[in-house]
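All chains are named by letter (A, B, ...) in the order of the sequence lines, taking the proteins before the strands, and each is independently numbered beginning at 1.
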Number of protein chains: 2
Amino acid sequence: MVHYQARLDTTFAALSDITRRGVLERLGDSDASITDLAQRFRMTLTGMKKHVSVLEQAGLVTTEKVGRVRTCKLGPRRLEEEAAWIERHRQLWSARFDALDELVEHLKSKEKADAQRKRR
Amino acid sequence: MVHYQARLDTTFAALSDITRRGVLERLGDSDASITDLAQRFRMTLTGMKKHVSVLEQAGLVTTEKVGRVRTCKLGPRRLEEEAAWIERHRQLWSARFDALDELVEHLKSKEKADAQRKRR
DNA sequence: TTGATAGTGAACCATATGGTTCACTGTAGG
DNA sequence: CCTACAGTGAACCATATGGTTCACTATCAA
């Protein structure tokens with residue numbers, strides 16, 4: 001819990017790259033080697049290795065090397081905290097929006113009252 | 001829809017900074033000027049202005065300058081697409097997990113059957 | 001008019017990011 | 001043993017990021 005904010009930092013940063021999001025989607029389908037991923041995303045082995053490392057650091061992927069090949073699979077983290085943060089933001093947003101709505105309603109009815117007063 | 005991926009890029013990047021997440025939370029409470037935010041997060045006006053620009057670029061904040069002061073408020077975007085992406089990932093993750101579960105169950109029952117066969 | 005206040009933009013700085021090439025290690029297969 | 005293959009790490013490069021200072025503009029208030 002202590003590292004909650006740092007964790008959000010690294011996870012959101014990990015998700016901010018289209019290639020890494022693609023890798024996650026690919027691994028949602030089946031496990032894959034670095035070579036598989038590098039080919040799929042038209043990138044050098046070294047480049048893909050870096051992306052995988054970032055995802056691994058964020059806990060979104062785990063890897064295991066047997067023989068020559070390192071197999072990557074979805075990691076232990078399920079983006080719970082990220083989903084929670086976003087959900088909370090949506091709540092706050094709605095609350096603000098509702099408050100604005102109320103204000104508009106209030107102004108409308110006030111306007112109407114003013115108009116009626118003027119009419120008399 | 002065309003810019004869906006680019007949008008995810010910029011939004012997740014915007015969310016990957018603790019100061020910017022803080023600003024969003026702060027604005028969920030009430031609107032604020034650049035000066036307010038800069039003080040709250042112990043930063044120069046220029047520095048805070050940059051963060052606000054990033055958030056504005058991502059559609060998470062809107063600003064309006066009247067007189068000297070620029071007022072910032074929560075923007076039109078509610079992280080719908082980000083929430084959807086994350087939710088989808090969680091689904092895929094669960095599907096993979098369930099598949100693994102089934103495999104384990106399968107192996108377990110096979111093992112049991114083998115044991116019984118051996119016992120005879 | 002004059003001074004303080006709010007923000008802006010350019011320039012600068014250190015560090016991070018996303019990618020490459022190249023040289024290397026370790027393993028697999030004949 | 002020999003060759004090919006999978007990955008790794010260091011070095012390098014261009015660009016982006018997160019922050020600052022400084023000089024400037026525009027506005028508010030006395």
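For an aromatic pair to be called close, the ring centres must be under 6.0 Å apart, and A:H89 with A:W93 fails this.
Contact between the side-chain N/O atoms of A:R68 and the OP1/OP2 oxygens of D:dT8 is not found at any separation under 4.0 Å. Remark: A:K49 is in phosphate contact with D:dT8, judged by side-chain N or O atoms under 4.0 Å from OP1 or OP2.
When rounded to the nearest whole Å, the span between CZ of B:F12 and P of D:dA16 equals 21 Å. Atom pair A:K65:NZ and C:dT27:P shows a separation of 8 Å (rounding to whole Å applied). The separation between A:Q57 atom CD and C:dT17 atom P is 11 Å, rounded to whole Å. Note: CG (B:L37) to C1' (C:dT8) measures 16 Å, nearest angstrom. The distance between atom CG of A:D9 and atom P of C:dA16, rounded to the nearest whole Å, is 13 Å. To the nearest angstrom, P of C:dT17 lies 18 Å from CD1 of A:I18. Between A:L45 atom CG and C:dC24 atom C1' there is a gap of 14 Å when expressed in whole angstrom units. The nearest whole Å value for the distance from the CD atom in B:Q39 to the C1' atom in C:dT5 is 12 Å.
When distances are taken from the side chain of A:T44 to each of D:dT8, D:dT21, C:dT21, the shortest belongs to C:dT21. Which of D:dG7, C:dA4, D:dT21 sits closest to the side chain of B:T46 comes down to D:dT21. Of the candidates C:dA4, D:dG7, C:dT27, D:dG7 carries the atom nearest the A:I34 side chain, counting heavy atoms from C-beta on. The A:M43 side chain lies nearest to C:dG19 when the options are D:dT8, C:dG18, C:dG19. Taking every side-chain heavy atom of A:H51 into account, C:dG18 is the closest of C:dT5, C:dG18, D:dG18. Comparing C:dT8, D:dA4, D:dG19 against the side chain of B:D17 picks out D:dG19 as the nearest. The side chain of B:T19 has D:dG19 as its nearest neighbour among D:dA6, C:dG18, D:dG19.
Among the atoms of the strands shown, only primed sugar atoms or phosphate atoms (P, OP1, OP2) are found under 4.0 Å from some heavy atom of B:G67. Within 4.0 Å (heavy atoms only), B:K50 reaches at least one base atom of the nucleic acid.
With 3.5 Å as the limit, one finds no donor-acceptor pair spanning the side chains of A:W85 and A:Q5.
Between the A:R20 side chain and the A:A13 main chain, a donor and an acceptor come within less than 3.5 Å of each other.
Considering all non-hydrogen atoms of both residues, B:T19 and B:H51 come closest at CG2-CD2, 3.9 Å.
Residue whose closest nucleotide on DNA chain D sits further toward the 5' end, between B:R20 and A:D36: A:D36.
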_Run the side chain to side chain donor-acceptor pair (under 3.5 Å) test on B:E56 and B:T63 for me, step by step, so that the C-alpha distance in whole Å, both residues' side-chain angles and the decisive distance to 0.1 Å come before the verdict._
CA-CA 8 Å; B:E56 202 170 5; B:T63 72; 3.0 Å; yes
